[in-house]
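Start at 1 and go down the list; that is how both ligands and their atoms are numbered.
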Amino acid sequence: MITVVGANKGGCSKTTTAVNIAVGLALRGEEVVLVDADIQLSASRWNAERESSGLQPFITLIQKTGNIAATLRSLDEKYKHVIVDVAGRNSRELITACTVAHQLIAPHQCSQLDLDTMLELQEQLIQVRDLNPELKAYCYQSIASTNVILAGTERNEFLEYVAEFDQLKPLNSKSCFRKVYRDVMAEGKSVLETGNEKAKVEIWSLIDEVF
Ligand SMILES: Nc1ncnc2c1ncn2[C@@H]1O[C@H](COP(=O)(O)OP(=O)(O)OP(=O)(O)O)[C@@H](O)[C@H]1O
Ligand SMILES: [Mg+2]
């Protein structure tokens, strides 16, 4: 199964989401390959750190940019899960990946600057679905507020906004702003390998919802 973690906005938690999902699936004993399709190579740096620390499970990572469709198809024959991290813009990697993917997870923060890019994603999905009508596309609220007063209002605003885009389905799971997501990136770890129960629940519920 090919899962693209992509959106047209930088810094919305794509790489963080992709690496945490990859580790979660691997912890469940499934064959996973992580594809770094972003020239910034953030996922590759995370994985190099993971490898040098000797962390298990080992995550196989492949770097590929440009038209990545054929590479993804080939990896899909060998691995149960192909997780693709793309750059935060309208990119050739995002589009070519979506032509062969089974699903897209599109993280968006509930901020106007992130939400403004959803219209572009909606238009891309209409075109890509001409080629890949089975593609599922999920909108994942990321870096959400943990403030009890703000969280409910923010969630409602997010859902109201996503409802305007019929090509995207909002996920019930979301990730909140938690320092642990930042800290683990430098250590080559997933939040699932920490004692932060709230962050762990967020990632496991995302995995349970989409896989
Ligand atoms: N849930 C979270 N809580 C707190 N910080 C987060 C969370 N998710 C991501 N971050 C932080 O936000 C920043 C952007 O995250 P990340 O690099 O995963 O986004 P991205 O969408 O891959 O960015 P880019 O478009 O540059 O590839 C990073 O500093 C990351 O550590
Ligand atoms: Mg990234």
Side-chain angles (χ1 to χ4, degrees), residues 3-24 34-50 59 61-66 68 82-95 97-98 101 104-118 120-121 124 137-148 150-151 154-155 158 168 170-207 209-210:
T3 302
V4 183
V5 184
N8 295 305
K9 180 75 175 66
C12 59
S13 198
K14 296 177 297 297
T15 304
T16 303
T17 305
V19 304
N20 278 287
I21 288 176
V23 171
L34 183 59
V35 178
D36 190 348
D38 180 357
I39 50 165
Q40 280 184 356
L41 301 180
S42 312
S44 302
R45 275 196 294 278
W46 167 85
N47 199 45
E49 194 56 45
R50 184 173 183 86
I59 304 290
L61 182 141
I62 284 172
Q63 291 173 0
K64 180 79 185 170
T65 52
I68 61 174
V82 183
I83 310 294
V84 191
D85 179 36
V86 298
R89 58 190 151 80
N90 180 350
S91 67
R92 192 170 174 206
E93 291 79 15
L94 171 63
I95 300 300
C98 283
L104 168 73
I105 300 172
H108 284 76
Q109 291 189 62
C110 187
S111 88
Q112 200 54 45
L113 296 178
D114 271 40
L115 298 174
D116 282 345
T117 66
M118 221 177 271
E120 188 181 14
L121 185 60
Q124 288 160 333
Y138 302 114
C139 197
Y140 177 55
Q141 187 184 354
S142 57
I143 322 183
S145 176
T146 49
N147 179 304
V148 281
L150 291 180
E154 189 191 63
R155 180 68 183 166
F158 180 82
L168 281 160
L171 289 173
N172 294 324
S173 33
K174 66 172 186 179
S175 77
C176 288
F177 178 93
R178 302 188 193 283
K179 188 173 173 292
V180 67
Y181 281 103
R182 300 188 167 198
D183 296 345
V184 290
M185 287 308 289
E187 299 165 20
K189 276 197 205 163
S190 153
V191 296
L192 300 172
E193 297 160 305
T194 70
N196 191 311
E197 295 306 323
K198 288 182 176 166
K200 284 159 89 168
V201 166
E202 286 170 358
I203 294 300
W204 285 129
S205 40
L206 172 62
I207 290 173
E209 193 174 359
V210 298

Please determine whether side chain to side chain donor-acceptor pair (under 3.5 Å) holds for the pair Ser173 and Glu209, giving the CA-CA distance in whole Å, both sets of side-chain angles, and the decisive distance to 0.1 Å. CA-CA 7 Å; Ser173 33; Glu209 193 174 359; 2.5 Å; yes
Minimal non-hydrogen separation, Val184 against Ser190, with atom names: CG1-O, 3.9 Å
The Mg ion (ligand 2) - number of protein N/O/S atoms closer than 2.8 Å: 1
Sorted by chain and residue number, the residues with a non-hydrogen atom under 4.0 Å of ligand 1 are Gly10, Gly11, Cys12, Ser13, Lys14, Thr15, Thr16, Asp38, Gln40, Gly88, Ile143, Ser175, Cys176, Phe177, Arg178, Tyr181, Arg182
Student check: side-chain heavy atoms of Val19 and Thr15 closer than 4.5 Å: yes
Answer yes or no: is there a side-chain heavy-atom contact under 4.5 Å between Thr117 and His108? yes
Electrostatic pair Arg50:Glu193 at N-O distance under 4.0 angstrom: yes
Tabulate below the donor-acceptor pairs under 3.5 Å that side-chain atoms of residues 198-205 make, not counting sequence neighbours, or state none.
unit_1, atom_1, unit_2, atom_2, d
Lys200, NZ, Thr194, O, 3.0
Lys200, NZ, Glu197, OE2, 3.4
Glu202, OE1, Cys176, N, 3.2
Glu202, OE1, Arg178, NE, 3.4
Glu202, OE1, Tyr181, OH, 2.6
Glu202, OE2, Cys176, N, 3.2
Glu202, OE2, Arg178, NE, 3.0
Glu202, OE2, Arg178, NH2, 2.7
Ser205, OG, Val201, O, 2.6
Ser205, OG, Glu202, O, 3.2

Going by salt bridge (charged side-chain N to carboxylate O under 4.0 Å, His left out), name the residues that satisfy it together with Asp36, two or more places apart in sequence or in a different chain. none
Under a 3.5 Å distance rule, please check whether Ser175 uses its side chain to pair with a backbone N or O of Ile143 as donor and acceptor. yes
Do Leu121 and Gln124 come close enough that some side-chain heavy atom pair is under 4.5 Å? yes
